[in-house]
Amino acid sequence: MEKIISKLNGCLGWELRAATMYSHYAAYVKGIHRLQLKTHFEAEATESHGHADIVRAAIVKLDGKAVTERDSTKIVHTTNYEIMLEEAMKTEQRAAESYQEVLNMIEDDDEMYDALEQIFFDEARSVEELKRMS
């Protein structure tokens with residue numbers, strides 16, 4: 001149980017980091033790509049907050065203590081949209097990997113599995129969207 005809680009806290013930390021990163025990039029994106037990317041980044045920040053709520057609820061359900069700090073991986077400060085997209089890709093790939101790892105650990109809770117699997121699918125979709133945008 002502790003291993004699952006620890007892995008879920010890792011996922012939560014990545015969601016908190018993603019929400020911060022996407023909000024930051026929405027504010028700093030410039031140029032012709034701003035119209036499309038600002039909206040994209042804002043939507044991703046909102047999605048990350050929603051994912052964080054689901055993960056936090058799963059941790060509470062397991063009687064765990066949810067982290068409140070984001071993952072410590074540095075958020076690159078830039079106004080270059082190409083770097084923003086590269087950093088978003090790294091973040092989404094890492095998040096998808098984290099969710100795949102936790103899904104492999106869940107055995108007897110279909111409700112939790114289904115909720116986290118949906119987040120995994122969202123992360124995989126984001127990776128595919130970013131591939132098309134790059």
Side-chain angles (χ1 to χ4, degrees):
M1 192 71 64
E2 288 301 315
K3 286 183 179 183
I4 293 174
I5 292 169
S6 177
K7 186 59 71 175
L8 285 168
N9 268 317
C11 292
L12 179 55
W14 273 100
E15 293 297 352
L16 296 173
R17 180 188 177 277
T20 300
M21 180 190 74
Y22 283 124
S23 295
H24 185 75
Y25 286 169
Y28 279 93
V29 67
K30 297 194 182 299
I32 190 73
H33 302 287
R34 182 179 184 279
L35 295 175
Q36 177 189 5
L37 291 179
K38 180 177 178 15
T39 303
H40 172 76
F41 291 148
E42 289 170 341
E44 290 294 324
T46 299
E47 181 178 90
S48 293
H49 284 293
H51 289 171
D53 288 344
I54 293 167
V55 174
R56 197 176 291 109
I59 293 167
V60 169
K61 182 178 182 179
L62 296 172
D63 293 323
K65 183 177 178 182
V67 297
T68 57
E69 299 84 26
R70 65 177 177 84
D71 182 87
S72 64
T73 302
K74 181 182 175 186
I75 295 173
V76 176
H77 176 78
T78 184
T79 58
N80 181 321
Y81 79 94
E82 292 173 324
I83 294 172
M84 290 176 182
L85 291 175
E86 287 173 17
E87 292 301 311
M89 177 65 83
K90 290 177 194 175
T91 298
E92 296 297 339
Q93 288 173 328
R94 182 62 190 115
E97 292 167 6
S98 295
Y99 284 107
Q100 184 63 64
E101 291 168 7
V102 79
L103 286 172
N104 292 334
M105 299 170 79
I106 298 173
E107 297 174 1
D108 298 326
D109 191 327
D110 291 340
E111 181 182 341
M112 184 183 299
Y113 186 93
D114 291 346
L116 295 173
E117 184 181 49
Q118 187 59 52
I119 296 174
F120 169 76
F121 290 146
D122 289 344
E123 302 298 348
R125 174 195 46 79
S126 291
V127 168
E128 292 306 313
E129 283 179 5
L130 286 163
K131 284 179 183 176
R132 288 192 308 270
M133 294 171 84
S134 298

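The model shown is predicted, which means the values in this text are computed figures rather than measured ones. Numbers for residues simply follow the sequence, beginning at 1.
For N80, the side-chain hydrogen bond (donor to acceptor under 3.5 Å, both in side chains) test picks out no residue, with sequence neighbours left out. Here H33 pairs with L37, Y81 under the side-chain contact (heavy atoms from CB on, under 4.5 Å) rule; sequence neighbours left out. Not counting sequence neighbours, the partners of T73 by the side-chain hydrogen bond (donor to acceptor under 3.5 Å, both in side chains) test are D71. Shown here are the side-chain contact (heavy atoms from CB on, under 4.5 Å) partners of K131, two or more places apart in sequence or in another chain: M89, V127, E128. Residues satisfying the side-chain contact (heavy atoms from CB on, under 4.5 Å) criterion with Y28, sequence neighbours excluded, are H24, H77, T79, M84.
Q118 places a side-chain heavy atom less than 4.5 Å from the side chain of D122. A heavy-atom distance below 4.5 Å is found between the side chains of W14 and R17. With contacts defined as side-chain heavy-atom distances shorter than 4.5 Å, the pair S126/E47 qualifies. No side-chain heavy atom of I4 sits under 4.5 Å from any side-chain heavy atom of E107.
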Checklist entry - For E92 and E129, what are the C-alpha separation, side-chain angles and deciding distance, and is it a side-chain contact (heavy atoms from CB on, under 4.5 Å)? => result CA-CA 10 Å; E92 296 297 339; E129 283 179 5; over 6 Å; no

Next on the checklist: Determine whether Y25 and L85 satisfy the following criterion, side-chain contact (heavy atoms from CB on, under 4.5 Å), listing intermediate values before the conclusion.
Outcome noted: CA-CA 9 Å; Y25 286 169; L85 291 175; over 6 Å; no

Checklist entry - Stepwise, does the salt bridge (charged side-chain N to carboxylate O under 4.0 Å, His left out) test hold for E86 with K90? => result CA-CA 6 Å; E86 287 173 17; K90 290 177 194 175; 5.5 Å; no

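Atom CZ of R34 has 12 or fewer heavy atoms from other residues, nucleotides or ligands within 6.0 Å.
Within the structure, side chain to side chain donor-acceptor pair (under 3.5 Å) contacts touching residues 53-66 (residues at least two apart or in different chains) are D53-R56, K61-D109.
Defined by atom type and a distance below 3.5 Å, a donor-acceptor pair is present between the side-chain atoms of N104 and Q100.
Here the CG atom belonging to L16 is positioned 11.0 Å from the SG atom belonging to C11, to the nearest 0.5 angstrom.
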